[in-house]
Each structure stands twice: as structure tokens, then as C-alpha cells.
> 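Sharing a structure below in C-alpha cells format, with a few things to ask.
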Amino acid sequence: MTTGRIVVAGASMGGLRAAEQLRAAGWTGTITVIGDEPHMPYNRPPLSKEVLAGKAPFESLAFTPRASAADVGWRLGTPVAAARLAERVVVLDGGEELPFDGLVVATGMRPRRLRRAGPSAGRHTVRTLGDAEALRAELTRPGARVVVIGAGFIGCEVAATAVGLGVDDVTVVDPLPLPMVGPLGELLAGALRRRHEERGVRFALGTGVAGFEGEDRVTGVVLGDGTVLPADVVVESVGSVANTEWLDGNGLDLSDGVLTDALLRVGGWPYVVAVGDVARFPNARYDGVPRRVEHWSIPTDTAKHAARVLVAHLGGDPVDLTPFAPLPTFWSDQHDFRLQSFGAPVLGLDDVRVLDGDPEGDVLVGYHRDDRLTGVVALGGRAVASGAARYRAQLLKQPALIA
């Protein structure tokens, strides 16, 4: 069967790529994509950089669907509220029920919010176009004092963008001892901190947030040691929460995203697959441990594999049982330098080696587990980034550990 209806729950990049790959895999039936935002899918990484800096209009972010997906139906501004997988039905916000033959879970993530005492006005996250536009309006106010909570990718990018906009008072708070130390390790995290401090960012590390001061809006951030950082603008970048509540009641493992098997199938239902950063899947390239991966390359990689699996099942064709083994990729532009990564550095944090350059300048670092290269990260300009790209070929040639 290549006719019928496939519902794609989630209309971000993962939902778009799923729709395109379903057509590429031979699905000729109806495809309906459902999303809670009113916009067609758009590129999110620029939100904390070019959009926040006022250098990129929304029109430059919107993805152009492939011609093969021109007949896909879009239900935008309409969240998915529930699903009854055994009955093959999804329920939209408002109660409308949509039957399906196949379902793609692509509902992604939302920002985690701090639950602390104090006012909410003046506190921002960066996930949607509206988030970025609202934050930019605050950052461009003269004399703004900015506190960024969380020294991960988004937190560091927002801090760099704020400094680039001319904000003189930018402080990043994090309970860990270095920015981005979790995904990068101490060597690169220390080099990253030095680069940010040289460009005017201050850090309050090794401490959490106890609360917020102010009446109608935030005027200060209270740290765990009692210190108060004056703040007109607060950006919360403290991780993400998977949008999986609509799948409650179906017996799935939703403890961290949606658990899938090695073919991206969900909960033993062969007609349900998951794509993008909501999917927690084993990567055969490394081991059999299911993990979520919030990198830009993952929506496309997962969509391609999941679409083939789903269409083969619905068509009654043999399913390719080759385990999924993508090579994750990410980059992060901060100030005038870039972080570029290929592979899974986080799996090799116990064995980090400088491959080229010097941590005091441009540097290329390799991450190893059991003497096997698991990932590379470049910090610096274009030359060192091209060095990382050369190692990409080596990583791709390595045989998968799970057959």
C-alpha cells in the first residue's frame, strides 16, 4: 500500500524533511503535517545569532519544500493534543480526530524554564521566531544589563550576540565550572571561556540561580550564594523538554524524548516512527545505547531512514534492517569564531587530544574511546574548521560497532 494517509506530528525542520523523504521513498498517498506554530518550517540556528543581531529577516530563514512535496497538506497553528496509537488516530487541539495509516513523531523540543520565585516579565527563551524578535527589542534598549542563565550552545551564542549589539553588561551564569564543558570537555571549554572574556562577556560559574528580584519585571538575579546580579533582561538557556505529552497513555517510554528501536520505530508499533531531536535512538556507529541528539544534521538523517522504514512497512515490502548509524554534525558561531564538530565528542571526553594548533589560538581536538576516534571539534577560524572537515571522512570510513 502506497496510498492512504500519513500524519506527521510536528512542522519544524524534522516534519518538513519527513514529508520530503516520504515522497522520495515512494509514498503516493496523503501526507498531513501538523504544527503548533503559524509559520512554515524555518531554520532555527540563526535565531540566537543573525536574527537576534538584526542581520537576517524571517524570509531568509524559511525552508523551501522540494517540488515533490508540493502537494503535502499543512495544518499550522494547530497543536497535536493526544494520540491513540492502537486505533491509529491523533487528536488535535480542539478535539478534531485525524485517522492515519502511518505516523511520524516530529514534535521536537521546547525550552526548559526555571521554577524560581520572582516576576516573569523580562525573562526570555530563544526557540521560536517570536522569541528572538521579543529578545532583540530588549537587547537594543540603551544601557540594558543582560544575564544569561546557562552556558551551553544557546547561552554562549546569545551572550556573544548581545556583546556584538553593543551591550556592555553581559554575564553568563552556570552551575558548572566552565562554559559548554559537558559537550566539549575542559580543554576546549577553558579556551572558549578565555575567548568570551577577551570580548567582554563575564561569567559567574559554579553557582545556580535562587530567584529573581523585582516587582512587575525582573531587576536582578539572585545567585545560590546570595549574590545579586542587576538585570534588565534575563535569558534562560537551561536545556530543553521533549514535546511528548500528547503521546501519554500509549505505553511508550517517554522518559527522555521518544524511545525508538534501531530503525526509529516507536514502542513496537511498526507504523509509528520518530525523527529529529525528540527521538531517542541507538546509534550503531558507536554502541547500542539510545540517546537524543540535538544537532542540526539529525532531522534530515533521521527523516531519511525513518521514511524508508515506514513506507516499506505500509507497502508490504521488506524492511531494510540495517541499523541507523548517522554521523552527527554541529557548528556554533560565537563572536568572530566558530565551533565545528563532526561525530560524537561527548563519548570521548576521557581521552581528548590536540590534533592541530594550540588551545591558546585556533585548535583542532580529537575525542577518543578505547583508542577509537569518536569525534572532532575545531575552535577558531576557517582554516581549522576545514581541518575538522578532513577528519569527517575518517570518521565516516570507520565501521559501525553494531552490525
Side-chain angles (χ1 to χ4, degrees), residues 13-14 17 45 152-154 156-157 178-192 240 256-257 260 262 264 275-306 322-334 337-359 362-403:
M13 182 181 178
R17 296 296 181 242
F153 289 100
I154 300 299
C156 287
E157 289 174 358
L178 290 168
M180 295 181 63
V181 68
L184 298 180
E186 293 183 0
L187 178 69
L188 275 191
L192 187 67
S240 303
D256 179 21
T260 79
L264 300 174
V275 305
D277 48 12
V278 75
R280 176 161 51 102
F281 60 90
N283 188 334
R285 185 174 297 278
Y286 303 111
D287 53 33
V289 179
R291 301 180 181 89
R292 286 192 313 99
V293 183
E294 296 184 38
H295 291 342
W296 192 84
S297 61
I298 290 300
T300 299
D301 291 341
T302 52
K304 185 177 295 185
H305 196 86
T322 303
F324 187 45
L327 184 72
T329 301
F330 77 77
W331 74 92
S332 177
D333 293 319
Q334 302 174 24
F337 58 85
R338 167 173 282 198
L339 281 161
Q340 175 74 65
S341 171
F342 297 100
V346 71
L347 299 182
L349 292 177
D350 292 333
D351 186 358
V352 181
R353 310 172 193 175
V354 174
L355 302 176
D356 192 17
D358 187 293
D362 290 358
V363 64
L364 177 63
V365 173
Y367 298 77
H368 303 76
R369 185 171 67 175
D370 298 329
D371 211 35
R372 174 188 170 102
L373 186 68
T374 65
V376 295
V377 179
L379 172 60
R382 292 184 177 180
V384 71
S386 65
R390 289 196 296 273
Y391 276 91
R392 176 177 180 270
Q394 177 179 332
L395 288 165
L396 286 170
K397 288 179 181 177
Q398 291 182 155
L401 292 181
I402 305 295

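Worth knowing before you read on, the calculation uses all heavy atoms, side chains too, and leaves out hydrogens, waters and symmetry mates.
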> Calculate, to the nearest 0.5 Å, the distance between atoms OG1 and NE2 belonging to T300 and H305 respectively.
15.0 Å

> Just how far is it from atom CH2 of W296 to atom CG of D301, taken to the nearest 0.5 Å?
10.0 Å

> Please name all residues satisfying side-chain hydrogen bond (donor to acceptor under 3.5 Å, both in side chains) with R369, sequence neighbours left out, ordered by chain then number.
D287

> For atom CZ of R392, is the number of surrounding heavy atoms from other residues, nucleotides or ligands below 6.0 Å larger than 12?
no

> Would you mind reporting whether P326 and N283 have side-chain heavy atoms less than 4.5 Å apart?
yes

> Working to the nearest 0.5 angstrom, can you tell me the gap between R372 CZ and L401 CG?
4.0 Å

> Does CG in D358 sit with more than 12 non-hydrogen atoms of other residues, nucleotides or ligands closer than 6.0 Å?
yes

> Does some side-chain heavy atom of F337 sit less than 4.5 Å from a side-chain heavy atom of L192?
yes

> Supply the atom-to-atom distance M180 CE to C156 SG, rounded to the nearest 0.5 angstrom.
6.0 Å

> Are any of the side-chain heavy atoms of V181 and E186 separated by less than 4.5 Å?
yes

> So do L373 and Q394 actually touch side chain to side chain, heavy atoms under 4.5 Å?
yes

> Kindly give the heavy-atom pair with the smallest separation between P359 and A191, and that separation in Å.
O-CB, 3.5 Å

> Counting C-beta onward and ignoring hydrogens, is there a side-chain heavy-atom pair between F281 and V275 closer than 4.5 Å?
no

> List the atom of T260, the atom of A279, and the distance in Å for their closest heavy-atom pair.
CG2-CB, 4.3 Å

> L187 versus V363: any side-chain heavy-atom pair under 4.5 Å?
no

> Nearest 0.5 Å, please: how far is CG in L395 from NZ in K397?
11.0 Å

> Could you check whether the rings of F153 and H295 sit parallel, tilted or perpendicular, using 30° and 60° as the cut-offs?
perpendicular

> Taking Y391 as the fixed residue, which of V377, L396, L364 is the one that meets the side chain to side chain contact (heavy atoms under 4.5 Å, CB included) rule?
L364

> Just list the side-chain donor-acceptor pairs under 3.5 Å for residues 343-352, sequence neighbours left out, or say none.
residue	atom	partner	partner atom	Å
D351	OD1	R353	NE	3.0
D351	OD2	R353	NH2	2.8

> Which heavy atom in P282 sits nearest to a heavy atom in G288, and how many Å separate them?
CB-O, 3.6 Å

> Would you call D277 and R292 a salt bridge, using N to O less than 4.0 angstrom?
no

> For R280 and D256, indicate whether the former's side chain and the latter's backbone hold a donor-acceptor pair under 3.5 Å.
yes

> Mind checking the OG-CD1 spacing from S332 to I154? Nearest 0.5 Å is all I need.
7.5 Å

> Would you confirm whether Q340, through its side chain, and F330, through its main-chain N or O, come within 3.5 Å as a donor-acceptor pair?
yes

